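Chain letters run A, B, ... following the sequence lines, proteins first and then strands; every chain starts at 1. Computed from a predicted model, the values in this text were never measured in an experiment.
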2 protein chains.
Amino acid sequence: MEKTRPSPRRDESLSRERIVDAAIALLDAGGADGLTFRALAERLATGAGAIYYHVANKSDLLTAACDSVIAHTLAECAVDGSPAAQIRDIALGLFDAIDAHAWVGSALAGAPGELPGVRILERIGRQVDALGVPHGGQWAAVCALVNYIMGVAGQNAANSQIARTHAYDRASLLDAMATRWSQLDAQQFSFTRSVADQLRDHDDRADYLTGLDLILQGMETLYAHPGQKD
Amino acid sequence: MEKTRPSPRRDESLSRERIVDAAIALLDAGGADGLTFRALAERLATGAGAIYYHVANKSDLLTAACDSVIAHTLAECAVDGSPAAQIRDIALGLFDAIDAHAWVGSALAGAPGELPGVRILERIGRQVDALGVPHGGQWAAVCALVNYIMGVAGQNAANSQIARTHAYDRASLLDAMATRWSQLDAQQFSFTRSVADQLRDHDDRADYLTGLDLILQGMETLYAHPGQKD
DNA sequence: ACCTGAACACCGTTCAAGT
DNA sequence: ACCTGAACACCGTTCAAGT
């Protein structure tokens, strides 16, 4: 028996790309806390300090890992169909990517104005323009969409972080939350209690799309047919 | 000269409330990174371990500090006016609170389903109900509003964290971002470049309200007048 | 130019020991 | 019951020293 892979292969020399790929693997396996310079060094069979030769710091690395996922995700989104359909497609693609790599949600939220966020802004911005929103309203409209997407991304990231920490699955997490909500004070939290049951078996993805459609509908009503207002 | 305050007064014994108040002071002064059990112990003139007698862990403490701010904020929101006006009032109150205490944004985003988030859900949920949204659509509508608010909160928190780290003020942060955007590839990032200038002197608060109104408008169009659809 | 890995300055959390 | 504070098991980052 010949001794293959005596340790994580070192066939290629260290590079930013290899570091980012290894970081993604660690993040996917261990969540946001799984990325550590020590774990990364071990996986790349190198010293912790060597990584700093190719990467400025942890935040830089996290953003680069996030950008890799976002760029791939956006590349697979449809480039035909109506503007609204394309926005839905992009938003759903991002939802699924963040669902699969929860750490992307917090990385995205933590790097405002950086490349991954800008890619999203660009793709959505073009469709908002194509939708006929006047130039003066485009910035606010795009921000509304992006902020909504980021908000959902952040919640998903937080939920999956909690699930990982407590070793819950999604169902028991929601169940625990619903139980807690239904034990709140009946007067002070009447609405929350009334929706506690819906929490258990709601469809995150469907609710996400519904919210997106609310914004799109608002844009259509306010911008696309200005003559019909009132 | 008599020697008053030989060290941070210890006139009252340690309590959860005193700990939370001290935590808020540290967070306001030093951002999310400013809260440390060692700093907290020093400020309370006690040992680090003593704090664990009143607080489960750091996440528990952060959520409690966040809840204190959110509860006070919501208590000052108007309880009259139209449902839409009340939603705007709540959303603006939260915006200003998070603007003043950026750490609240990340604390809120990091504690889904916990008390501070539930307070917001409850207040907005009641108004969505009053708005005439049918029961079946209330959950999705409330989530849309809350996710949007959380998204903006998260972005604000991240921006202020970056500003603090680099010792920038808000203006130079936006200026640096706008400069970076305008240096992006002209073809690949045409939309982003076209809005880079608006970034420099846009009004966060006004854009926030505009986005909120898009969602409210969508809700009105889709739910409040179902007979008029199409 | 690129890599090594010990060292530095921190963390949150625990726990035997005190009162 | 409540508090002490040293100790533990980690972090990100730096930097003299190597190749």
Side-chain angles (χ1 to χ4, degrees), chain A residues 6-24 26-27 29-66 103 106-107 110-111 161-162 164-167, chain B residues 6-23 26-27 29-66 103 106-107 110-111 158 161-162 164-167:
Chain A
S7 73
R9 280 296 192 99
R10 218 15 226 295
D11 23 38
E12 299 145 18
S13 65
L14 215 51
S15 69
R16 190 169 221 268
E17 200 196 350
R18 278 192 71 215
I19 292 172
V20 168
D21 287 345
I24 291 174
L26 285 175
L27 288 161
D33 294 338
L35 178 59
T36 283
F37 275 85
R38 282 167 179 82
L40 200 54
E42 192 185 8
R43 175 177 263 265
L44 293 166
T46 181
I51 297 165
Y52 280 87
Y53 197 87
H54 298 91
V55 141
N57 49 45
K58 187 171 180 177
S59 147
D60 175 35
L61 176 55
L62 196 58
T63 302
C66 176
W103 55 272
S106 49
Q161 162 83 343
I162 291 170
R164 186 185 301 274
T165 303
H166 297 6
Chain B
S7 72
R9 280 297 193 99
R10 220 13 230 296
D11 23 38
E12 299 145 19
S13 65
L14 215 51
S15 69
R16 190 168 222 266
E17 199 197 351
R18 277 192 71 215
I19 292 172
V20 168
D21 287 344
L26 285 175
L27 288 161
D33 294 338
L35 178 58
T36 284
F37 275 85
R38 282 168 178 81
L40 200 54
E42 192 185 7
R43 175 177 264 265
L44 292 167
T46 182
I51 298 165
Y52 281 87
Y53 197 88
H54 298 91
V55 141
N57 49 43
K58 188 172 180 174
S59 147
D60 175 35
L61 176 55
L62 196 57
T63 302
C66 177
W103 56 271
S106 50
Q161 162 84 342
I162 291 170
R164 186 185 301 272
T165 303
H166 298 5

- Message: Does B:Leu35 reach a base, just sugar-phosphate, or nothing at all? Heavy atoms under 4.0 Å.
- Response: sugar-phosphate
- Item | Whole-Å gap separating C1' (C:dA9) and CG (B:Asp33) | 15 Å
- Under a 4.5 Å cut-off applied to non-hydrogen side-chain atoms, are A:Gln161 and A:Asp33 in contact? yes
- Item | Student check: side-chain heavy atoms of B:Phe37 and B:Ile51 closer than 4.5 Å | yes
- Between C:dA17 and D:dC2, how far apart are the P atoms? Round to whole Å, please. 22 Å
- Task: Check the distance between C:dC11's C1' and B:Leu61's CG and give it to me in whole angstrom.
- Result: 15 Å
- Item | Nearest heavy-atom neighbours spanning A:Leu40 and A:Ala23 | CD1-N, 3.7 Å
- Query: Is B:Leu44 close to B:Ile19 at the side-chain level, that is, under 4.5 Å between some pair of heavy atoms?
  - Reply: yes
- Spacing between A:Ile51 atom CD1 and C:dG5 atom C1', to the nearest angstrom: 12 Å
- Item | Heavy-atom closest contact (A:Arg43 atom, A:Ala22 atom, distance) | CD-CB, 3.8 Å
- Message: Quick check for you: among C:dC2, D:dC3, D:dG12, whose closest atom lies nearest to any side-chain atom of B:Tyr53?
- Response: D:dC3
- Within the pair A:His54 and C:dC3, is there a side-chain N or O less than 4.0 Å away from OP1 or OP2? yes
- With sequence neighbours left out, write down each residue that passes salt bridge (Lys or Arg N to Asp or Glu O under 4.0 Å) with B:Asp60, or none if nothing qualifies. B:Arg16
- Letter by letter from the 5' end, nucleotides 13-19 of chain D scores (B base, S sugar-phosphate only, - none; protein heavy atoms under 4.0 Å) BBB----
- Message: Minimum heavy-atom separation for A:Gly110 and B:Ala158, please, with both atom names.
- Response: CA-CB, 4.2 Å
- Message: A side-chain contact here means heavy atoms from C-beta on lying under 4.5 Å apart; do A:Ile24 and A:Trp103 qualify?
- Response: yes
- Involving DNA chain C, stems made of at least three consecutive Watson-Crick or G-U pairs, both distances under 3.5 Å: C:4-8 with D:12-16, C:12-16 with D:4-8
